[in-house]
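Model, not experiment: these values are computed from the prediction.
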Amino acid sequence: MHTNIGTMIATINRIQVKQVTDKKGMDAFVQFPKSLYAGVSQYVPDMDSDIRDTFKPSKNKSLANADIQAFVAFRDGEVAGRIAGIISHKANEIWQKKVVRFSMIEFIEDINVAEALIAAVEEWGYKRGMTSIQGPMGITDFDKEGMLIEDFEMGGSFLEYWNPPYYKDFLEKLGFKKEADWLQIRIEVPEKVPAKYARVAQLSKEMFGLKIVKKSKKDVYRGYGQKIFDLLNQAYAPLFGFSPFTPEQAQDFLKKYVPLLNMKMLTFIENEKDELVCVAITVADFSDGLKKSKGKVFPKGWYHLLKAIKWKTGNKAELMIIGIRPDMQGLGINALVFDHLIPIYNKMGIKWCETGPQLEDNVRELSQWKPLNPSMVKRRRCWKREIDAATFTTTLYHRKHSTGKAAKE
């Protein structure tokens, strides 16, 4: 039995939830999804090192403005689930909320496990003054967010969570309500740029003095990367749950993601003053490399990742980001993006493309895909509920849910 990995938070029936406080606990946290989803083709694992680094302030500059805590659930002594609690102080200040987020939630098909995990995060948040819970949400918009509630048969990617249908059913039974939904857009890459895009792209160049510029990875490291994040802070400011990236966070993400990029698949658009007004970042899909690596760089994981990233073998691209400066939105710049990318996709043998999650009420962003006959897929949800203070004080929680030896612990 795994009884020494951390402080026990609560017990519900046969379920124990423990706060991760040491390496053994983090090992259980990191490894659990791999056993839960063994043999599930849709699941794409994270790199073990990425998950561990999420909890280290020295590796994750986002923790300068956020608190995070990992929890592991056990049923009859066996690992049965995991969850992370997050308090983003910056987001709470911007959005005037006292909310604790849950993230990286995974659990076996047992509603008692789901309940105990959620309860542990609620109690952790309540002790820190939080009044509601929402999730799955990360610290930043670059973290995975949203629980899959449709299209479970579709393959996942490194950008998103995959989970089975019972997750949704359990959260509904536990009283969670919809706070926000995201959709992903799937398109087949046409052999030629649609006439509408070509026409609007040309008009955008002529009317607004726009131009596509090429940048190297060195340019990104030497200052252009900060321009990208400054633009994203402007473009994403109104979006649900967003908090701006600090320069330290920007450097963190550049270090993590730039090595994965093929600069041919990025679009930078500047105006006649050489100001960056749009950035679009796509990457070749390397989900197969992540699956074969099983989340580990060594002994052979590095080879599978390098092969997937550097020597692209698939025909799918992941559209990670499109950011347009607010004063330039709605002026046809998106057409200029696709006018640039579609010929590149064709040269690279990319047949179809899928976006990251996009908010369902962001009509302007969703409508830009119409000339490409898009399919809207993989609806995912951020859930919310209020924290019941009468239930989630430590004393009352243990009195209600703990029995026998577990209660005395």
Side-chain angles (χ1 to χ4, degrees), residues 157-159 184-220 224 227-228 231-232 235 257-272 274-288 307-325 328-356 358 364-377:
S157 80
F158 75 100
L159 293 174
Q184 289 173 253
I185 308 301
R186 181 175 289 200
I187 60 169
E188 292 186 12
V189 177
E191 293 182 0
K192 295 182 179 180
V193 176
K196 181 178 180 179
Y197 279 158
R199 183 172 63 254
V200 173
Q202 186 61 35
L203 286 173
S204 296
K205 291 178 182 178
E206 295 173 356
M207 294 179 65
F208 307 112
L210 301 179
K211 57 191 175 186
I212 292 175
V213 296
K214 293 183 179 180
K215 296 295 175 181
S216 67
K217 291 184 179 181
K218 287 184 178 180
D219 293 328
V220 173
Y224 208 80
K227 290 186 177 181
I228 294 171
L231 173 62
L232 295 179
Y257 287 113
V258 170
L260 307 179
L261 300 178
N262 180 336
M263 299 304 290
K264 294 179 182 178
M265 301 177 72
L266 276 65
T267 304
F268 301 107
I269 300 177
E270 295 182 352
N271 61 17
E272 54 193 3
D274 299 329
E275 297 169 333
L276 181 66
V277 297
C278 174
V279 60
I281 299 176
T282 56
V283 296
D285 177 49
F286 50 89
S287 298
D288 284 345
K307 182 178 179 181
I309 295 168
K310 299 295 185 182
W311 308 309
K312 184 193 75 65
T313 56
N315 60 2
K316 176 189 174 186
E318 300 278 358
L319 182 51
M320 293 178 63
I321 292 172
I322 292 185
I324 301 175
R325 205 171 72 180
M328 301 298 292
Q329 292 175 6
L331 301 180
I333 292 184
N334 58 294
L336 192 52
V337 170
F338 300 126
D339 186 62
H340 174 241
L341 285 177
I342 288 173
I344 292 172
Y345 288 161
N346 279 307
K347 287 181 181 179
M348 296 180 67
I350 293 172
K351 301 299 183 183
W352 60 289
C353 183
E354 190 171 277
T355 71
Q358 300 181 336
R364 177 176 288 177
E365 185 171 3
L366 293 174
S367 65
Q368 68 182 318
W369 305 98
K370 286 183 179 179
L372 296 173
N373 300 312
S375 299
M376 295 188 182
V377 299

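Atom CZ of residue F208 and atom CG of residue N271 lie 11.5 Å apart, to the nearest 0.5 angstrom. Note: I185 CD1 to K370 NZ = 11.5 Å, rounded to the nearest 0.5 Å. Considering CG of N315 and SG of C353, their distance stands at 11.5 Å, rounded to 0.5 Å. Going from atom CD of E272 over to atom CG of L210 covers 8.5 Å, rounded to the nearest 0.5 Å. Note: E191 CD to K351 NZ = 7.0 Å, rounded to the nearest 0.5 Å. H340 contributes atom NE2, which lies 15.5 Å from atom OH of Y197 (distance to the nearest 0.5 angstrom).
Atom CD of E206 has more than 12 heavy atoms from other residues, nucleotides or ligands within 6.0 Å. Environment of CD in E188: sparse, with no more than 12 heavy atoms of neighbouring residues, nucleotides or ligands closer than 6.0 Å.
Summarising the geometry of I333 relative to M328, their closest heavy-atom pair is CD1-CB, 3.4 Å, with the distance given to 0.1 Å. Closest of all the heavy-atom pairs between G332 and S204 is O-OG, 3.4 Å. Contact record, A317 with M265: CB-CE, 4.0 Å, taken as the closest heavy-atom pair. Taking each heavy atom of L260 and V283 in turn, the nearest pair found is O-CG1, 4.4 Å. Annotation for K196 and P371: closest pair CD-CG, 4.0 Å, computed over non-hydrogen atoms. Closest approach of M348 to N262, counting heavy atoms only: CE-ND2, 3.8 Å.
In this structure the side chain of K347 never reaches within 4.5 angstrom of the side chain of K264, judged on heavy atoms. I281 is not listed as a side-chain neighbour of Y257, based on a closest heavy-atom distance of 4.5 Å or more. When side chains are defined from C-beta on, Y345 counts as touching T282, because their heavy atoms get closer than 4.5 Å. Side chains of F268 and L231 form no contact here, defined as non-hydrogen atoms less than 4.5 Å apart. For the pair V189 and N346, the minimum side-chain heavy-atom distance is below 4.5 Å.
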### Query
When you look at L159 and E354, which way does the side chain to side chain contact (heavy atoms under 4.5 Å, CB included) test go after all the steps?
CA-CA 10 Å; L159 293 174; E354 190 171 277; over 6 Å; no

### Task
Under the side chain to side chain contact (heavy atoms under 4.5 Å, CB included) rule, what do V279 and L232 come out as? Steps first, then yes or no, please.
CA-CA 9 Å; V279 60; L232 295 179; 4.2 Å; yes

### Working for side chain to side chain contact (heavy atoms under 4.5 Å, CB included), residues L372 and I342
CA-CA 11 Å; L372 296 173; I342 288 173; 4.1 Å; yes

### Message
side chain to side chain contact (heavy atoms under 4.5 Å, CB included) for V220 and M263? Distances and angles first, verdict last.
### Response
CA-CA 10 Å; V220 173; M263 299 304 290; 3.9 Å; yes

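Salt-bridge check for D274 with K211: passed, with a basic side-chain N closer than 4.0 Å to an acidic carboxylate O.
With T355 contributing its side chain and L319 its backbone, the two residues share no donor-acceptor pair below 3.5 Å. Proximity of a side-chain donor or acceptor of Q329 to a complementary backbone N or O of I324 within less than 3.5 Å is detected. Between the side chain of D339 and the backbone N or O of L336, no donor-acceptor pair lies under 3.5 Å. Between the N373 side chain and the I187 main chain, no donor and acceptor come within less than 3.5 Å of each other.
Cation-pi geometry between K215 and Y224 is met: under 6.0 angstrom from the ring centre, within 45 degrees of the axis.
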